[in-house]
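Lettering of chains follows the sequences in order, A, B, ..., and the numbering in each one begins at 1.
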Amino acid sequence: MSSTILTDKGETPVASVDISAPEGAGQPNYTLTPRTSSTGGIESELLEVAMGPQHPSTHGVFRMDVVLDGERIVKLKPVFGYLHRNHEKIAENTTYLASMPYTDRLDYFCSLTNNWAYALAVEKLAGLQPPERAEYIRVITAELTRLVNHTALIGFLLQDMGASGTPLMYAFREREKILDLFESLTGARMMCNYMRFGGCRCDLPAGWLDETKQVVAAFPQFLDEYDRLLSENEILIARTQGVGILPHELAINASITGPMLRASGVNYDIRKVDKYGIYDRFSFRVPLGEHGDVYDRYMIRLLEMHESLKILEQALKDIPSGPIMDPKAKIRGFRPKTGEAYGRIEGPKGELGFYLISDGSPNPYRYRVRPPSLINLTILEDMCLGQTVADVVVILGSVDIVLGEVDR
Amino acid sequence: MLGEGIIKGLAETAKNFVGSYVDGERLTTVQYPEERIAAKEAARNFPFLVFDGSDPHAGLRCVACQICEKECPPKCIYITKSKDKKPDYIGKPQFYPAVFDIDISVCMSCQICVEVCPFEAIKMDNEFELSNTDRFGGLLLDKNQLAKSNDFYRKIHPTEAAEVDARLAAEKEKAEAKAKADAEAKARAAAAKAAAPSVTKPAPLQTT
């Protein structure tokens, strides 16, 4: 296929540019033809709508190009990349340690689990082993992070459904208590930058364990309150049950992980499968959903918080004293030996992995993040087809995305 | 019964509403500019330079080694090394930063400069009310704006500062002891040399 360049003088251009493109490229694979709607003899046509990037329910700068037949979704195309910050390439051009604060900014709700996943990958690469106490601190902070993420998520999910304000503010009130704990431990509420290769940056401040025990002891009361507030609400049930169903075969094929996968009834939790860190020492159960709809995803998160509290109780009881850094670890001049490593953890949103290749220099040769939010988002269209516009907002909310991690 | 769940939820809201008048736990909002929560000891925001004593220039601990400049992830530190030297806290002559700027509009408060500094010269401040009408010059802090006394550091991070002070005091003591031992050894050697130069040492070769 060739096209001619139009010039002002009307001359024949010297060189014609050959733009060869596959047949149908750039063309939508649906037709905007007038058609008769199912409701009667009214002529209607498909409507293309761009939801986002400034739409209030998109959880960040994220666009969904939807094609609507009346109010039903015919096609949905997620468009992301608005928040791309070149994280992976920056990490390849800076030292291993200097990437640690950038991992905080991936999924900014769960900076401590991001830190852990990255530290785990580097520890595998460099052959470091965190001491016992550091492992316990990591479990405690990671489970607190899970509580932070899930409380915020269910607050936002209910906000998306129109329960504006109240549930979100209740969730934020509880989240604030945990963020206070993070601040007194790490110095920052959200950008914690706490874990280091071979341990943790600083030891627990005096009285921190007691404060945490109090927060953990008071948390089930909040969860029960939240349960009473909305779990039986008829409007919530009508809006969520049978909406956005993700069958478990599809979930496995699309490599969905985390609470979304478990809501579809697949028993896969990396804390159980991989037993990274010291998770084999704690007894906890993995809640599973049955239908894979939005309601199951909501309930899975509530139940997971109960299990996190169980882990926290055990960890807070058993935490030993001792050093918090591997003596082999060093802050300046860190050069792991040549090799590659993949470290993965069960983040609050799913499998969070870091893949690193070292060539023996102070910078990683290759640095790759496996972001759970992005991969869970790829299945959005399959869940939304045939649903209404209002349901799309709820389904997107139940996927639990953070655009910092999707776009990196 | 239809609507039972809604009523149950509303009862919960009502409980919170009424409870907020009785129970402080349920009323967590702090009216910020009027009321303030005391800063946590570990709280960090932007770095500052520590100086000992009362003179920010003479007491500045920074020796312009530029490690923090290299390790800073967003590269917000700018250092120019001095031409001459000044004595540090032990008394050893060291370079000092002729220019030390931190662009706090770029800084991401990660604390890596503090961790890599071998001289305990840069620490984290917990000041956060830094709004400025000049977004370029106003947020680029120079050496004089960054320099804060060790007393200030002790005030905002008491536990950490006590550890640092102890470590520096131990180093200084060690250095002083070493200097004293060196001086003594030198004096002894000199004395020995003066007492019996011909016995311990062969006579120096005479060149003609």
Can you tell me how far apart [atom1] ([X]) and [atom2] ([Y]) are? Round to the nearest 0.5 Å.
X: B/M108; Y: A/M191; atom1: CE; atom2: CE; result: 10.0 Å
X: A/C202; Y: B/Q111; atom1: SG; atom2: CD; result: 7.5 Å
X: B/L10; Y: A/R228; atom1: CG; atom2: CZ; result: 13.5 Å
X: A/T166; Y: B/N16; atom1: OG1; atom2: CG; result: 9.0 Å
X: B/I6; Y: A/I235; atom1: CD1; atom2: CD1; result: 4.0 Å

field: Which of A/N193, A/T95, A/L185 touches chain B most, by non-hydrogen pairs under 4.5 Å
entry: A/N193
- request: Measure distances from A/D227 to the heavy atoms of chain B and classify the residue's part below 4.5 Å as side chain, backbone, both or neither.
  value: neither
field: Atom group of A/R189 that falls short of 4.5 Å from chain B, counting heavy atoms
entry: neither
Qualifying ring-ring contact (aromatic ring centres under 6.0 Å, His included) pairs with a residue from residues 93-129 of chain B, counting only residues at least two apart or across chains: B/H57-B/Y96
Taking atom [atom1] of [X] as the centre, does the number of heavy atoms from other residues, nucleotides or ligands within less than 6.0 Å exceed 12?
X: B/R135; atom1: CZ; value: no
X: B/K75; atom1: NZ; value: yes
X: A/K213; atom1: NZ; value: yes
X: B/E171; atom1: CD; value: yes
X: B/K174; atom1: NZ; value: no
X: B/F17; atom1: CZ; value: no
X: B/Y21; atom1: OH; value: no
X: A/Q221; atom1: CD; value: no

field: Candidate pair B/E12 and A/Y226, rule side-chain contact (heavy atoms from CB on, under 4.5 Å), full reasoning
entry: CA-CA 9 Å; B/E12 205 56 48; A/Y226 219 84; over 6 Å; no
- request: May I ask you to test the B/C110-A/Y102 pair for a side-chain heavy-atom distance under 4.5 Å?
  value: no
message: Which residues pass the ring pair (Phe, Tyr, Trp, His ring centres under 6.0 Å) test with B/Y78, not counting sequence neighbours?
response: none
query: Taking the side chain from B/R44 and the backbone from A/T186, do they hold a donor-acceptor pair closer than 3.5 Å?
result: yes
message: Is it the case that the side chain of A/E183 and the backbone of B/K40 share a donor-acceptor pair, with hydrogens and angles ignored and the cut-off at 3.5 Å?
response: no
Using non-hydrogen atoms and a 4.5 Å limit, figure out which bit of [X] sits close to chain A: side chain, backbone, both or neither.
X: B/I67; result: side chain
X: B/C113; result: neither
X: B/E41; result: neither

Carboxylate-amine/guanidinium proximity below 4.0 Å for B/K15 and A/E225: no
message: Please give me the minimum heavy-atom distance between B/A42 and A/S184, naming the atom from each residue.
response: CB-O, 3.5 Å
task: For A/A98 and B/I112, work out which heavy atoms get closest and say how close.
output: CA-CD1, 4.1 Å
